[in-house]
Amino acid sequence: MTPVGRRLLSSAKLPAALEERVTAALANMKTAGTFKTERIITTPQRSSINVQSSSMPVLNFCANNYLGLSDNPQVTARAASYLSQWGSGLSSVRFICGTQSIHKELESQISGFYGTGGDTILYASCFDANAGIFESLLTSEDAVISDSLNHASIIDGVRLCKAQRFRYANGDVSDLDAQLHRARDCRVKLVATDGVFSMDGSIAPLRAICDVVERHNAVLFVDDAHATGFLGATGRGSAEYAGVLDRVHL
């Protein structure tokens with residue numbers, strides 16, 4: 001963000017009303033202590049990092065680097081070899097420029113890892129995936145029943161679709177049952193939950209959720225961004241941890 005009172009764009013002058021509103025909003029954020037600045041990291045991402053604002057190493061508890069792969073020598077060496085062989089990207093979206101064989105190979109490996117027998121679609125981030133799935137699958141005749149502590153990407157994705165929206169208390173299966181009953185007349189009822197809630201570290205009670213979902217003939221969507229790779233006996237995430245790999249739809 002630019003400093004308060006400075007123009008937000010280079011040479012184009014903003015209308016005074018917008019510049020005044022943004023300046024006031026930034027000032028209020030600073031007064032409230034909610035204004036955020038970037039932390040400049042001067043080392044690879046890992047559990048202990050160096051940042052410009054500290055002369056001492058800092059412990060990093062806010063990254064998703066659960067397996068320590070961000071600077072794993074094998075991973076970085078393989079990434080360098082792929083960059084040399086395949087370049088740095090497709091320079092557009094895959095359905096316009098085409099899909100490289102390495103993408104299909106990785107998607108096939110992920111499908112095999114989960115034993116779904118179906119297809120996997122790679123996205124640049126989980127945020128992108130959640131932005132696309134609800135709008136693609138649901139219409140105004142359908143319903144989304146969402147956990148109250150779901151990640152912001154799920155919330156934003158739900159907002160993009162036209163489905164009716166219901167919310168149940170975090171991990172509360174009785175409330176989920178009640179909300180599914182309220183949505184009983186909707187064509188498709190999709191229950192959305194995080195597998196692991198990143199802010200609290202709590203794990204969704206997926207076995208009980210599956211029981212309720214099946215009783216209402218609903219669809220279960222689990223965002224496992226904070227569980228894949230390390231939760232469950234073989235790292236297959238919260239569904240494996242709960243013993244319901246074959247009961248989660250999406």
Side-chain angles (χ1 to χ4, degrees), residues 1-46 49-55 57-65 69-71 76 79-80 82-100 102-103 106 121-140 144 146 148-165 167 192 194 197-199 221 223 225-226:
M1 304 291 288
T2 56
V4 174
R6 291 182 58 184
R7 187 171 297 157
L8 299 178
L9 299 177
S10 57
S11 59
K13 183 172 177 58
L14 287 172
L18 177 58
E19 186 157 3
E20 290 171 4
R21 185 181 68 78
V22 171
T23 299
L26 292 174
N28 289 336
M29 291 167 64
K30 289 186 174 183
T31 300
T34 58
F35 183 84
K36 298 186 182 302
T37 57
E38 293 179 322
R39 298 179 182 90
I40 309 300
I41 301 174
T42 59
T43 59
Q45 184 66 276
R46 53 173 71 110
I49 57 176
N50 293 338
V51 296
Q52 285 186 357
S53 57
S54 174
S55 60
V58 175
L59 293 178
N60 184 1
F61 290 97
C62 60
N64 302 335
N65 189 27
L69 298 180
S70 291
D71 68 335
T76 55
Y82 274 119
L83 280 170
S84 176
Q85 180 179 357
W86 295 95
S88 61
L90 289 171
S91 302
S92 186
V93 293
R94 290 166 60 187
F95 71 86
I96 292 177
C97 281
T99 292
Q100 290 176 326
I102 51 173
H103 295 132
L106 178 56
I121 301 175
L122 291 174
Y123 283 84
S125 70
C126 190
F127 223 109
D128 285 340
N130 286 340
I133 189 166
F134 301 101
E135 185 178 21
S136 299
L137 296 180
L138 304 173
T139 72
S140 58
V144 178
S146 183
S148 61
L149 293 187
N150 273 341
H151 190 270
S153 61
I154 298 178
I155 296 170
D156 285 351
V158 170
R159 286 172 177 162
L160 292 174
C161 77
K162 296 180 180 179
Q164 299 178 52
R165 304 168 196 170
R167 189 171 69 167
D194 277 305
F197 295 89
S198 60
M199 298 304 292
F221 164 90
D223 180 335
H226 299 283

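Because the structure is predicted, anything quoted here is derived from the model rather than measured.
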Original post:
Can you name the side-chain hydrogen bond (donor to acceptor under 3.5 Å, both in side chains) partners of Arg159, sequence neighbours left out?
Top reply: Asp156
Original post:
Can you name the nearest heavy-atom pair linking Ala192 to Val144, along with the distance?
Top reply: CB-CG1, 4.5 Å
**OP:** Please name all residues satisfying side chain to side chain contact (heavy atoms under 4.5 Å, CB included) with Thr34, sequence neighbours left out, ordered by chain then number.
**Re:** Met29, Ala32
Original post:
If you look at every heavy atom in Phe197 and Leu149, which pair is closest and at what distance?
Top reply: CD2-O, 3.4 Å
Subject >> Under 3.5 Å donor-acceptor, Asp194 side chain and Asn150 backbone >> reply: no
Subject >> Separation between CG of Asn64 and OG of Ser125, rounded to the nearest 0.5 Å >> reply: 11.0 Å
Subject >> Residue list, side-chain hydrogen bond (donor to acceptor under 3.5 Å, both in side chains) with Ser198, at least two apart or on another chain >> reply: none
**OP:** Using the test salt bridge (charged side-chain N to carboxylate O under 4.0 Å, His left out), find all partners of Arg21 that sit at least two apart in sequence or belong to another chain.
**Re:** none
Original post:
For Arg165, does the CZ atom have more than 12 heavy-atom neighbours from other residues, nucleotides or ligands under 6.0 Å away?
Top reply: yes
Subject >> Which residues share a salt bridge (charged side-chain N to carboxylate O under 4.0 Å, His left out) with Arg46, sequence neighbours left out >> reply: Asp71
Which pairs of donor and acceptor atoms, one on a side chain in residues 127-138, lie under 3.5 Å apart (sequence neighbours left out)?
| from | atom 1 | to | atom 2 | distance (Å) |
| --- | --- | --- | --- | --- |
| Asn130 | ND2 | Ser153 | OG | 2.9 |
| Asn130 | ND2 | Asp223 | OD2 | 2.9 |
| Ser136 | OG | Gly132 | O | 2.7 |

Original post:
Taking Thr31 for the side chain and Ala27 for the main chain, is one N or O donor matched with an acceptor at less than 3.5 Å?
Top reply: yes
Subject >> Sequence-distant partners of Glu20, side-chain hydrogen bond (donor to acceptor under 3.5 Å, both in side chains), two or more places apart >> reply: none
Original post:
Listed by chain and number, what are the side chain to side chain contact (heavy atoms under 4.5 Å, CB included) partners of Gln52, not counting sequence neighbours?
Top reply: Ile40, Thr42
Tabulate below the donor-acceptor pairs under 3.5 Å that side-chain atoms of residues 90-98 make, not counting sequence neighbours, or state none.
| from | atom 1 | to | atom 2 | distance (Å) |
| --- | --- | --- | --- | --- |
| Arg94 | NE | Thr99 | OG1 | 3.1 |
| Arg94 | NH1 | Glu107 | OE2 | 3.1 |
| Arg94 | NH2 | Glu107 | OE2 | 3.1 |

**OP:** Apply side-chain hydrogen bond (donor to acceptor under 3.5 Å, both in side chains) to Asn50 and list each qualifying residue two or more places apart in sequence or on a separate chain.
**Re:** none
**OP:** Using the test side chain to side chain contact (heavy atoms under 4.5 Å, CB included), find all partners of Ile41 that sit at least two apart in sequence or belong to another chain.
**Re:** Thr43, Gln45, Ile49, Val51
**OP:** Mark yes when over 12 heavy atoms from residues, nucleotides or ligands other than Gln85 sit less than 6.0 Å from its CD; otherwise mark no.
**Re:** yes
